[in-house]
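Throughout, protein chains are lettered first and strands after them, A, B, ... in sequence-line order, and every chain is numbered starting at 1.
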Amino acid sequence: MPAPEGSFHARVIAAVRGIPRGRVATYGDVAALAGRPRAWRAVGAIMSTCRIPSVPCHRVVGAGGRLGGYSDPLRKRRLLQDEGLVVGQRKIQQFDAVRWTAPGSEGR
DNA sequence: ATTTTGACCGTGC
DNA sequence: CGCACGGCCAAAA
């Protein structure tokens with residue numbers, strides 16, 4: 001289990017696990033929730049190792065609502081649509097309306 | 001310890 | 001709106 005407590009990996013997974021169904025977050029958001037708002041790079045690398053089914057890694061999308069990457073891009077698109085999201089051919093519609101924001105991270 | 005890579009992001013044309 | 005370039009962080013070799 002490649003997720004020692006206190007590691008960036010564990011924090012990222014915890015953040016992704018906190019994304020409810022029908023909602024999406026960008027790599028930058030996940031990185032910020034993980035405590036490293038500038039580590040979206042590492043977040044993507046970690047997601048690539050996302051072999052844990054307990055983590056809805058398909059809810060992590062690129063900035064601006066882009067699908068981003070995935071082992072099976074088509075599958076990711078279908079999963080998001082299955083959760084009630086409107087996905088275009090390359091980007092998510094109403095992205096701002098479905099973008100997941102951590103409790104307390106909103107405007108203040 | 002240094003170098004390379006990766007499911008990225010933002011800016012410029 | 002699409003492509004090219006640079007910058008950034010962490011893990012692996």
Side-chain angles (χ1 to χ4, degrees):
Chain A
M1 138 119 74
E5 296 177 37
S7 281
F8 188 68
H9 193 144
R11 294 192 299 232
V12 170
I13 290 176
V16 177
R17 269 186 94 232
I19 305 175
R21 186 168 177 268
R23 220 65 110 176
V24 287
T26 69
Y27 292 92
D29 288 350
V30 174
L33 293 171
R36 254 77 214 191
R38 312 226 154 148
W40 8 268
R41 274 283 193 175
V43 173
I46 292 166
M47 298 313 288
S48 65
T49 66
C50 185
R51 31 191 117 177
I52 308 173
S54 310
V55 180
C57 37
H58 63 267
R59 288 186 194 145
V60 183
V61 299
R66 294 196 312 210
L67 294 189
Y70 206 75
S71 308
D72 287 296
L74 300 177
R75 182 176 179 77
K76 182 174 184 176
R77 195 161 68 192
R78 183 171 38 147
L79 286 168
L80 292 173
Q81 284 179 140
D82 185 60
E83 295 199 356
L85 299 175
V86 185
V87 185
Q89 189 170 50
R90 212 108 177 235
K91 291 189 293 190
I92 298 176
Q93 304 297 8
Q94 303 286 314
F95 171 63
D96 186 63
V98 298
R99 187 176 183 183
W100 169 243
T101 42
S105 290
E106 358 75 48
R108 177 354 162 197

Only pairs under 3.5 Å count here: list side-chain donor-acceptor contacts from residues 22-36 of chain A, not counting sequence neighbours, and write none if there are none.
from: A:T26; atom 1: OG1; to: A:G28; atom 2: N; distance (Å): 3.4
from: A:T26; atom 1: OG1; to: A:D29; atom 2: N; distance (Å): 3.1
from: A:T26; atom 1: OG1; to: A:D29; atom 2: OD1; distance (Å): 3.4
from: A:T26; atom 1: OG1; to: A:D29; atom 2: OD2; distance (Å): 3.4
from: A:D29; atom 1: OD1; to: A:R99; atom 2: NH2; distance (Å): 2.9
from: A:D29; atom 1: OD2; to: A:R99; atom 2: NE; distance (Å): 2.8
from: A:D29; atom 1: OD2; to: A:R99; atom 2: NH2; distance (Å): 3.0

Between A:R59 (CZ) and B:dA7 (C1'), how many Å, whole number?
17 Å

Mind running a 4.0 Å heavy-atom check of residues 68-84 of chain A against DNA chain B and sending the residues that fall below it, in number order?
A:G69, A:Y70

Taking for A:G64 and for A:M47 the nucleotide of DNA chain B with the nearest heavy atom, the one nearer the 5' end belongs to A:M47

Which side-chain N or O atoms in residues 74-81 of chain A pair as donor and acceptor under 3.5 Å with protein atoms at least two apart or in another chain?
from: A:K76; atom 1: NZ; to: A:V60; atom 2: O; distance (Å): 2.5
from: A:K76; atom 1: NZ; to: A:L67; atom 2: O; distance (Å): 2.7
from: A:K76; atom 1: NZ; to: A:G69; atom 2: O; distance (Å): 3.4
from: A:R77; atom 1: NH1; to: A:Q89; atom 2: O; distance (Å): 3.2

Going by the side-chain hydrogen bond (donor to acceptor under 3.5 Å, both in side chains) test, which pairs reach into residues 58-69 of chain A, not counting sequence neighbours?
A:H58-A:E83, A:R59-A:E83

With A:V61 as reference, evaluate A:L85, A:I92, A:V98 under the side-chain contact (heavy atoms from CB on, under 4.5 Å) test and give the passing residue.
A:I92

How long is the gap from SG on A:C57 to CD1 on A:I52, to the nearest 0.5 Å?
9.0 Å

Just the rounded figure in Å: distance from C1' of B:dA7 to CD1 of A:I92.
14 Å

What is the separation between atom CD1 on A:I46 and atom C1' on B:dG6, rounded to the nearest whole Å?
11 Å

For the student: nearest non-hydrogen atoms of A:A42 and A:F8, plus distance
CB-CE2, 3.8 Å

Of the non-hydrogen atoms in A:R17 and A:V55, which two are nearest, and what is the gap between them?
CG-CG2, 3.9 Å

For a quick check, with a 4.0 angstrom heavy-atom cut-off, what is the B/S/- contact string for nucleotides 3-9 of chain C, read 5' to 3'?
----BBB

Over all heavy atoms of both residues, which pair between A:D82 and A:R21 is shortest? Give the atoms and the distance, please.
O-NH2, 3.4 Å

